[in-house]
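Working notes, beginning with the structure itself.
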Amino acid sequence: MKKLLLLLAAAAMVACSTVKQKTLTLTDPLTLQSPDGTLTLRFGLSQDGTPMYALAMGEREVVKPSAMGFTFRGERINNDYDSRLHRTYTADVDFHSGFSIESEERDSFDETWNPIWGEESEIRNRYNGMTVTVAKDGIKMLIRFRLYEDGLGFRYEFPDQEKLTYFVIKDELTQFAMTSDHTAYWIPGDYDTQEYSYTVSRLSEIKAGHNPDYNASQLICSPNAVQTALQMKTDEGLYINIHEAELLDYPAMNLDLDPATLTFTTMLTPDAEGYRGRMQTPCKTPWRTVMVVDDARKVLASRLILNLNEACAVPDAAEWVHPVKYMGVWWEMIADKTKWSYTEDYHSVRLGETDYAASKPHGQHGANNDNVRRYIDFAAANGFDAVLVEGWNEGWEDWFGHQKFDVFDFVTPYPDFDIAALNAYAHSKGVKLIMHHETSSSAVNYERHLEEAYSLMNKYGYDAVKSGYVGDILPEGEHHYSQFMINHYHYCITEAVRHRIMVNAHEAVRPTGLCRTWPNMIGNESARGTEFKTGILPNHVTILPFTRLQGGPMDYTPGIFEMDMAKLNPASPGNISSTIARQLAIYVTMYSPLQMAADLPEHYAVHMDAFQFIKDVAVDWSESRYLLAEPGDYLVIARRAKAGAKSKANLGKDGHEWFVGGVTDENERDLEVDLSFLEPGRTYTATIYEDAPGACGIGDDPAFNPAYSIRTVRVTAADKLSMHLAQSGGFAISLQ
Ligand code: NOJ
Ligand code: CA
């Protein structure tokens with residue numbers, strides 16, 4: 001291997017990390033058609049032997065000829081004085097040009113599979129495949145293509161071979177050349193956070209550095225880079241979406257745009273040394289995906305990302321993985337009414353040494369026995385499965401911003417949180433507690449404690465954990481999306497399987513469909529959620545289903561009824577930009593098997609009529625219909641409850657109940673909801689929760705008014721409902 005890399009390096013002479021756009025010689029390209037004939041993939045080599053692909057929908061070009069390949073790091077030089085002062089390497093290795101095509105294979109696939117939970121009970125996975133083996137100086141690489149009727153997936157595979165065993169990726173150079181200056185719905189390319197508001201602009205206007213959103217850990221990777229899933233719309237009305245699927249043992253991808261050519265190049269997240277993938281053959285990259293459809297609703301209906309992931313790897317998942325509707329001792333801390341911490345006595349904490357029992361409590365600790373009991377009572381009385389409790393464990397006094405290694409041990413409760421008694425109390429009322437593991441991004445510390453932490457959960461009967469990664473990653477220099485952390489998140493998931501634990505990780509990498517294989521990944525944050533309070537733009541929830549949700553469900557934490565933040569803490573004024581009806585709509589428009597009713601019991605108590613929708617709405621579905629959709633503008637989605645799903649939210653449902661949600665951006669609008677999806681000949685009682693006349697959901701508008709009204713009508717499949725949505729408003733309908 002060493003000799004060969006040296007040879008390759010010499011041949012390449014000038015190492016470059018960016019590939020200029022190349023012209024694909026299309027005299028004799030290999031072509032592949034989607035099963036329905038809509039999409040055509042072309043693959044070939046350029047004049048200098050660079051692998052190139054292009055994608056078309058009918059006659060329309062979608063991705064122009066785009067380069068593929070890598071730059072590898074050279075070999076470590078270990079034999080001179082200089083190499084003892086610095087790590088030195090031979091020249092970078094060009095693994096993007098000079099290839100020849102060795103062979104090509106075709107396959108076709110058609111199956112229908114049943115997810116453990118999901119937007120529907122059956123998913124069809126049908127594609128035509130082509131795998132091309134290319135070679136350079138005796139090193140082989142497979143490029144595997146799968147073409148679906150709604151998009152393309154391709155990945156690189158490095159088979160076991162004598163001449164390539166261990167190698168380090170300096171850059172992946174996969175390109176996505178766009179045909180013109182499309183509209184893009186984008187957030188800045190970043191190695192650590194996705195908690196941004198979306199900008200809607202032309203591709204040529206992308207300027208990541210200018211987004212003011214701040215996050216506790218943030219590293220914008222390039223001024224013109226964006227994150228995936230990236231949604232675009234062409235002037236001709238095509239919807240193009242670029243993402244990745246099955247991200248395992250590899251860094252996450254951003255897309256760096258060359259504004260002159262409107263070509264994106266993959267920008268992988270670097271590790272602490274700046275490299276982007278430590279590989280051992282046989283190995284493969286995640287799938288790179290390009291969805292293209294002619295209707296926004298088809299983006300929402302696409303299962304491209306899930307289908308590219310492997311089948312369920314947890315044989316007994318159906319026995320213990322289940323959807324969850326929950327409440328939490330959470331919003332009161334987010335809204336600064338109470339605190340995660342217990343005392344103000346200590347400037348810093350040493351776990352195991354700091355004596356909490358001897359300290360004076362500051363009196364605002366949210367996770368205290370009485371308060372937790374209050375939530376359990378409310379959750380039990382209203383049919384919830386679970387109650388999340390944050391701030392239950394020692395360490396919150398100095399948890400944030402210190403790059404502290406031993407920040408939490410995940411097993412030691414504060415003196416006023418009786419872990420045994422509270423779990424017993426919850427279980428006696430048919431409710432489970434949800435564990436909370438804030439790691440403070442000290443990933444190695446978390447791994448050290450994981451077995452004990454999960455065992456403690458087993459001991460007390462917790463079956464779900466919310467984990468979190470606030471702040472810069474420890475070990476320093478790693479990123480939330482670097483290969484080290486991708487492997488960490490996956491380790492936590494697979495260890496959780498051993499303990500029959502479901503995981504909802506916050507601040508982890510954005511999902512890539514792995515929940516198909518590991519259905520105990522019932523949630524993730526990895527986007528800007530309700531916790532940003534007044535910092536959520538009106539169009540946010542009209543975009544997320546096209547972007548973040550493509551990879552898997554989000555723990556968005558809807559259900560806020562008290563929009564005036566000053567009511568929780570007079571020092572932090574401002575209204576959330578939403579009406580109450582819109583908060584209800586989100587339970588349907590933002591699919592998740594894990595849904596929170598995030599507000600405080602006392603805020604629900606004064607609106608029990610509207611709260612009825614949160615009680616009623618299912619969390620698991622046998623079918624979903626995307627009725628109206630335009631990213632950045634509006635969404636209307638209808639879903640049919642799955643009978644017999646193992647959440648209290650679905651128990652008692654016979655599978656004939658439908659729920660509809662609609663949301664709009666900063667514009668008020670009138671939308672017609674065609675009920676023809678209902679079963680013909682059946683009459684339903686529709687309970688409609690809508691914006692009251694005069695409602696306005698724009699938080700800083702003097703006319704802000706989140707008011708709702710509720711009406712009940714009898715409807716059939718022949719009816720259409722006329723709905724008025726206030727600015728930043730919405731509606732929710734339950735059809736029984
Ligand atoms: C950020 C999470 O997103 C939030 O939900 C959590 O409450 C805090 N971290 C504290 O762990
Ligand atoms: Ca967060």
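The figures here come from the full heavy-atom set of this structure, side chains too, leaving out hydrogens, waters and symmetry mates. Read the numbers this way: they start at 1 and go in the same order the structure lists the ligands and their atoms.
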Could you tell me whether [X] and [Y] have a side-chain N and a carboxylate O separated by less than 4.0 Å?
| X | Y | result |
| --- | --- | --- |
| Glu244 | Arg510 | yes |
| Lys466 | Glu525 | no |
| Arg500 | Asp463 | no |

Item checked: Degrees at the Ca ion (ligand 2) between the OE2 atom of Glu531 and the OE2 atom of Glu525, nearest 10° ->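 Vertex at the Ca ion (ligand 2): approximately 80°.
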
Item checked: Tyr454 six-ring centre to Arg498 NZ/CZ under 6.0 Å and within 45° of normal ->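 Pair Arg498/Tyr454 does not count as cation-pi.
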
What residue and atom, counting heavy atoms only, is the protein's closest point to [atom], and at what distance?
| atom | result |
| --- | --- |
| atom 5 (O) of ligand 1 | Lys466 NZ, 2.6 Å |
| atom 9 (N) of ligand 1 | Val470 CG2, 3.3 Å |
| atom 1 (C) of ligand 1 | Glu507 OE2, 2.9 Å |
| atom 4 (C) of ligand 1 | Glu531 OE1, 3.1 Å |
| atom 7 (O) of ligand 1 | Glu390 OE1, 2.6 Å |
| atom 11 (O) of ligand 1 | Glu438 OE1, 2.6 Å |

Next item on the list: Could you tell me whether a side-chain N or O of Tyr604 sits under 3.5 Å from a main-chain N or O of Gly559, the two making a donor and an acceptor?
Entry: yes

For ligand 1, which atoms have a heavy atom of [X] less than 4.0 angstrom away?
| X | value |
| --- | --- |
| Trp340 | 7 (O), 10 (C) |
| His436 | 11 (O) |
| Trp396 | 10 (C), 11 (O) |

Check: For the Ca ion (ligand 2), which N, O or S atom of Glu195 is at the shortest distance?
Finding: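 Going through the N, O and S atoms of Glu195 one by one, OE2 ends up nearest to the Ca ion (ligand 2).
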
Check: For the Ca ion (ligand 2), what is the closest N, O or S atom on Glu507?
Finding: OE2

Next item on the list: Determine whether the aromatic ring centres of Phe546 and Tyr198 lie less than 6.0 Å apart.
Entry: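 When the ring centroids of Phe546 and Tyr198 are compared, they turn out to be at least 6.0 Å apart.
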
Notebook entry, point to check: Can we call the ring centroids of Phe410 and His437 under 6.0 Å apart?
Noted result: yes

Evaluate [X] for polar contact with ligand 1, using N/O atom pairs at a separation under 3.5 Å.
| X | answer |
| --- | --- |
| Trp330 | yes |
| Glu525 | yes |
| His506 | yes |

Next item on the list: Among Tyr446, Trp340, Trp392, Trp396, find the one that has a ring pair (Phe, Tyr, Trp, His ring centres under 6.0 Å) with Phe408.
Entry: Trp396

Next item on the list: Might you confirm whether atom CD of Gln403 has over 12 heavy atoms from other residues, nucleotides or ligands at distances under 6.0 Å?
Entry: yes

Next item on the list: Please work out whether any backbone atom (N, CA, C, O) or any side-chain heavy atom from C-beta onward of Met333 is under 4.0 Å from ligand 1, and answer side chain, backbone, both or neither.
Entry: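 Looking at Met333 and ligand 1, no heavy atom falls under 4.0 Å.
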
Notebook entry, point to check: Which is it for Phe532 and ligand 1 at heavy atoms under 4.0 Å: side chain, backbone, both or neither?
Noted result: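 Within the 4.0 Å criterion, Phe532 makes no contact with ligand 1.
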
Check: Are side-chain heavy atoms of Lys325 and Asp385 found at a separation under 4.5 Å?
Finding: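 Yes, their side chains come closer than 4.5 Å.
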
Note to self: Side chains of Ile501 and Met435, heavy atoms from C-beta outward: is any pair under 4.5 Å?
What the structure shows: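 No. Closest side-chain heavy atoms not under 4.5 Å.
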
